[in-house]
Amino acid sequence: MDIPHHSALSPADALALRYGIEAAPPVGPWNDHIGLLLSHRSIRGYRTDLLPQHTLETLIAAAQSAATSSNLQTWSVIAVTDPDKKTALAKVASNQKHIEQCPLFLVWVADISRNQRLGAEEGVALETMPYQETFLVAAIDAALAAQNATVAAESLGLSCVYIGALRNNPQEVARITGLPQGAFGVFGMCVGYASPAAANEVKPRLPQDVVVHHDSYDTTGERRHRAAYDHLMGAFSARNDMAADTWTRRVIGRMGKLAAMSGRDKMVAALHAMGFPLK
Ligand SMILES: Cc1cc2nc3c(=O)[nH]c(=O)nc-3n(C[C@H](O)[C@H](O)[C@H](O)COP(=O)(O)O)c2cc1C
């Protein structure tokens, strides 16, 4: 069964799925692109079917069409299909099985190495390279490109899930994929056809009032909205076989203890070792 990404839902129904009926905002301007965006869900189980020929090229063209800071294009992607490499990468990511199942695994790379090589070839020292800002630019570029690829894949009836757990051990990811200094795998992404067992619902988000601030930041009503969202997510979790949990408990579980970072608390040291001094 393919996940019905091209949602036939009315705008009102699509908004109700994303926010719950109570918190759904009014329907505004709408088209099929927006319907597609609202139908997104991460998929964690894949059929082994290969992707149609030249799917990768299409996804990369979509990715390269994203905005990129000053057109510096400080990102790269490693398209991994070798089963042994996928197994090794899955091991880094706490053995997430979908990494081995999916026919295509993309490692999105914040990559300042290419422009460093450009500087070396031109005999110019690029003074901005060691700065934290330069890493941030590259990480943002990689994320924007990846999200364009996700939307493109979903528009083709494919499914995806980001894999931030690659950052559990960025140096091992660099070893497996042969990254040079100045290249950092910010996250991975599974691409493939969803297995029927992995079909899930659209996951609700916080009410818009919590995330949108008009002219200045305003936390009025945040606690009340969070309580309502906890209720919605508790019911969603129960329906979708996730450990029945509220959003509040999830945030505390993920952000409350260093152990939940699975080694990512050593990120600055890893970045230093990988050619990002972060001045
Ligand atoms: C940068 C990033 C890293 C993520 N890493 C993982 C991951 O390692 N494993 C996983 O199962 N999901 C991962 N996700 C997926 C999120 O859990 C998911 O997007 C979130 O729960 C919202 O669900 P939805 O995408 O179905 O709407 C990641 C998402 C992002 C944006």
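When a ligand or atom number is given, it counts from 1 through the structure's own listing order. Side chains are part of it too, since the values below use all heavy atoms of this structure and drop only hydrogens, waters and symmetry mates.
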| message | Give me the atom names and distance for the closest heavy-atom approach of Val191 to Pro103. | response | O-CD, 3.3 Å

| query | Protein residues near ligand 1, heavy-atom distance below 4.0 Å? | reply | His40, Arg41, Ser42, Arg44, Gln96, Val161, Tyr162, Ile163, Gly164, Ala165, Lys203, Arg205

| Between Ser69 and Asp141, a side-chain donor and acceptor under 3.5 Å | no

| Checking Arg18 side chain against Lys203 main chain: does a donor-acceptor pair fall under 3.5 Å? | yes

| said: Using 0.5 Å steps for rounding, measure from the CZ atom of Arg167 to the CG atom of Leu271. | reply: 10.0 Å

| query | Any luck finding a side-chain donor-acceptor pair between Gln73 and Thr68 under 3.5 Å? | reply | no

| query | Can you hop from Met255 to Tyr229 via hydrophobic side chains spaced under 4.5 Å? | reply | yes

